[in-house]
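All remarks here apply to the structure that follows.
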Amino acid sequence: MKLQITEVVASEIVNHRLEPVLTAIQQFKSASDQLKRVAQTPLEMIDTSFEALNAAQCAAEMYRQQVLDYATRCRGAVLPIGGPDQAAELFNRYFAEAAPFAKRKEKKTEFPDAMSLLLLERYAKEYRTRGIIASKDAGWTAFAEASDYLFAVESIEELAALFAATTEHAQALKAKVLEAVRNEGSSLRVLLNEALEEHAAQSQWDAEDVYSGSHRIETEVSEINVTSYTIDENSINVWQLEDDPSTWSVEIEVAISVKVGVSVEFFVWDSIDREELSLGFDSYNVEEVISVAAYLSCTGVRLDNDPQTWHFETDISPASYSITGFEAEPDFSDWDE
């Protein structure tokens, strides 16, 4: 199996990941303008250096390379937009209201989906293979149902279940892996601990849903600590790789409890000087539970040996998480102290 990502999807991933970068750039520029205005601070050289960094372009290039690297690791690529008949086919489907275009006024928004589906179908047809797409979108499903080259499932989990091994050998492997992750002292349990902590720390966190009833606030997630986790023992799936009985991939569903530090800055409007002033900061600790799919690459597998002798590698992709909203109000008594 190979993973093919269309240029449309790759661009959407990059643009989505750029959103907090663009917000941070705007905040940096606003802070610079405010310092120059209220404190007469000469920041022109810093502004010039910051512009020269071109943070948005650098971030976009990094995110795109990460998409390319991920596709390559999955033995795939990013399919470019092109081909002499691509535009004609796209508009033919649009005017015929054929999937994924729906019979509604908003069907123009389906152009990115339509281009992705046509690229995937063309690739499958060119290489005489069958493509599997994972989406809950009804338009994607309808397109696949009418295609001789695409098959649709609703989720990655459903796709994985199609290929999960269920033989006696696979069941014995599951039992061995489960025994190893239950053992606090096993090398696999230590490796999993480190991978989950790294995932929580490297994922993107925001506290945009935190609110105040009396002040404008700005929030920042300041600290992430994994406090505990629970393994769903019924969710373990295994796949044999490359017809090699000693090489397997294992998926484990984990619920992680994370202690998150949130820093909240409160602002008040000064009607005399006609400017916004910072009242100060308060810190809050909240507990969040996130669900993570941890993937293990297992080599040197022999069921008559202890899993301690096997070689494991973990792969957990970073994700984006939002703190559950709560009301934050300044505690002036603490500030007076």
Side-chain angles (χ1 to χ4, degrees), residues 10-67 197-226 258-288 290 318-337:
S11 297
E12 288 180 340
I13 292 172
V14 171
N15 289 339
H16 175 70
R17 297 190 65 188
L18 270 178
E19 289 177 2
V21 175
L22 297 177
T23 299
I25 291 172
Q26 184 58 49
Q27 290 173 344
F28 179 91
K29 292 180 177 179
S30 297
S32 176
D33 291 342
Q34 187 175 14
L35 277 172
K36 284 184 285 188
R37 184 175 64 256
V38 302
Q40 302 297 309
T41 306
L43 297 174
E44 287 73 17
M45 291 184 62
I46 293 178
D47 291 343
T48 301
S49 298
F50 183 75
E51 290 294 335
L53 286 175
N54 205 343
Q57 180 177 339
C58 290
E61 291 174 355
M62 179 184 68
Y63 294 150
R64 180 168 181 81
Q65 188 60 49
Q66 288 175 346
V67 173
E197 290 174 356
E198 182 179 357
H199 168 79
Q202 293 187 354
S203 290
Q204 178 182 317
W205 293 81
D206 71 72
E208 296 178 356
D209 292 335
V210 178
Y211 61 94
S212 171
S214 57
H215 298 85
R216 189 183 77 79
I217 64 173
E218 291 183 1
T219 60
E220 182 180 0
V221 175
S222 56
E223 191 173 0
I224 305 293
N225 290 300
V226 173
V258 185
K259 187 177 181 180
V260 184
V262 180
S263 176
V264 180
E265 183 175 10
F266 299 89
F267 294 88
V268 64
W269 177 256
D270 185 342
S271 58
I272 297 177
D273 294 334
R274 300 187 63 79
E275 64 182 9
E276 193 175 51
L277 302 176
S278 173
L279 283 177
F281 295 83
D282 260 346
S283 297
Y284 303 84
N285 289 316
V286 296
E287 195 81 17
E288 295 288 335
I290 58 176
S320 297
Y321 301 106
S322 295
I323 303 301
T324 303
F326 62 88
E327 184 173 9
E329 297 297 344
D331 188 346
F332 296 109
S333 62
D334 288 345
W335 294 355
D336 289 339
E337 295 175 1

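In this text, all values refer to a predicted model and were calculated from it rather than measured experimentally.
- For D206, the side-chain hydrogen bond (donor to acceptor under 3.5 Å, both in side chains) test picks out S322, with sequence neighbours left out.
- Contact of the V286 side chain with the V262 side chain is registered, since non-hydrogen atoms from C-beta on lie closer than 4.5 Å.
- Listed by chain and residue number, P20, S320 satisfy the side chain to side chain contact (heavy atoms under 4.5 Å, CB included) test with Q204 (two or more places apart in sequence, or in another chain).
- In this structure, A207 and T219 approach most closely via the heavy-atom pair O-OG1, 3.1 Å.
- With sequence neighbours left out, Q65 forms a side chain to side chain contact (heavy atoms under 4.5 Å, CB included) with L68, D69.
- Under the 3.5 Å distance criterion, the side-chain polar atoms of S263 are left unmatched by any main-chain donor or acceptor of S222.
- Contact detail for A200 and I224: the closest heavy-atom pair is O-CG2, 3.6 Å.
- Rounded to the nearest 0.5 angstrom, N54 CG and I25 CD1 are separated by 8.0 Å.
- Heavy-atom minimum distance, L18 versus A56: CD2-O, 3.6 Å.
- Evaluation of the salt bridge (Lys or Arg N to Asp or Glu O under 4.0 Å) rule for E208 yields no partner, not counting sequence neighbours.
- Applying the side-chain hydrogen bond (donor to acceptor under 3.5 Å, both in side chains) rule to E287 yields the partners T227; only residues at least two apart in sequence or on another chain are considered.
- In this view, S30 and Q26 satisfy the side-chain hydrogen bond (donor to acceptor under 3.5 Å, both in side chains) rule, not counting sequence neighbours.
- Nearest heavy atom pair, residue V21 against residue A55, reads CG1-O, 4.4 Å.
- For the residue pair E265 and S278, the shortest heavy atom distance occurs at OE2-OG, 2.7 Å.
- A distance of 14.5 Å separates NE2 of H16 from OG of S11, quoted to the nearest 0.5 Å.
- Interatomic distance, OG1 of T48 versus CG of L53, reported as 11.0 Å (0.5 Å rounding).
- With sequence neighbours left out, V38 forms a side chain to side chain contact (heavy atoms under 4.5 Å, CB included) with Q34, E275.
- Scanning for side-chain hydrogen bond (donor to acceptor under 3.5 Å, both in side chains) contacts around Q27 gives an empty result, with sequence neighbours left out.
- Aromatic ring pairs are classed by plane angle as parallel below 30°, tilted from 30° to 60° and perpendicular above 60°; the pair W205 and Y321 is tilted.
- With sequence neighbours excluded, no residue forms a salt bridge (Lys or Arg N to Asp or Glu O under 4.0 Å) with K259.
- The distance from the CD1 atom of I217 to the CD atom of E327 is 9.5 Å, given to the nearest 0.5 Å.
- Closest approach of D282 to E329, counting heavy atoms only: OD2-O, 3.8 Å.
- Residue pairs meeting the salt bridge (charged side-chain N to carboxylate O under 4.0 Å, His left out) criterion with at least one partner in residues 41-63, sequence neighbours excluded, are K29-E51, K36-D47.
- Residues passing the side chain to side chain contact (heavy atoms under 4.5 Å, CB included) test with A328, sequence neighbours excluded: V210, V264, F266, Y284, F326.
- The shortest side-chain heavy-atom distance between I46 and F28 falls under the 4.5 Å cut-off.
- For the atom pair L35 CG and T41 OG1, the distance stands at 5.0 Å (nearest 0.5 Å).
- Residues in residues 209-220 take part in these salt bridge (charged side-chain N to carboxylate O under 4.0 Å, His left out) pairs, two or more places apart or across chains: R216-E218, R216-E276.
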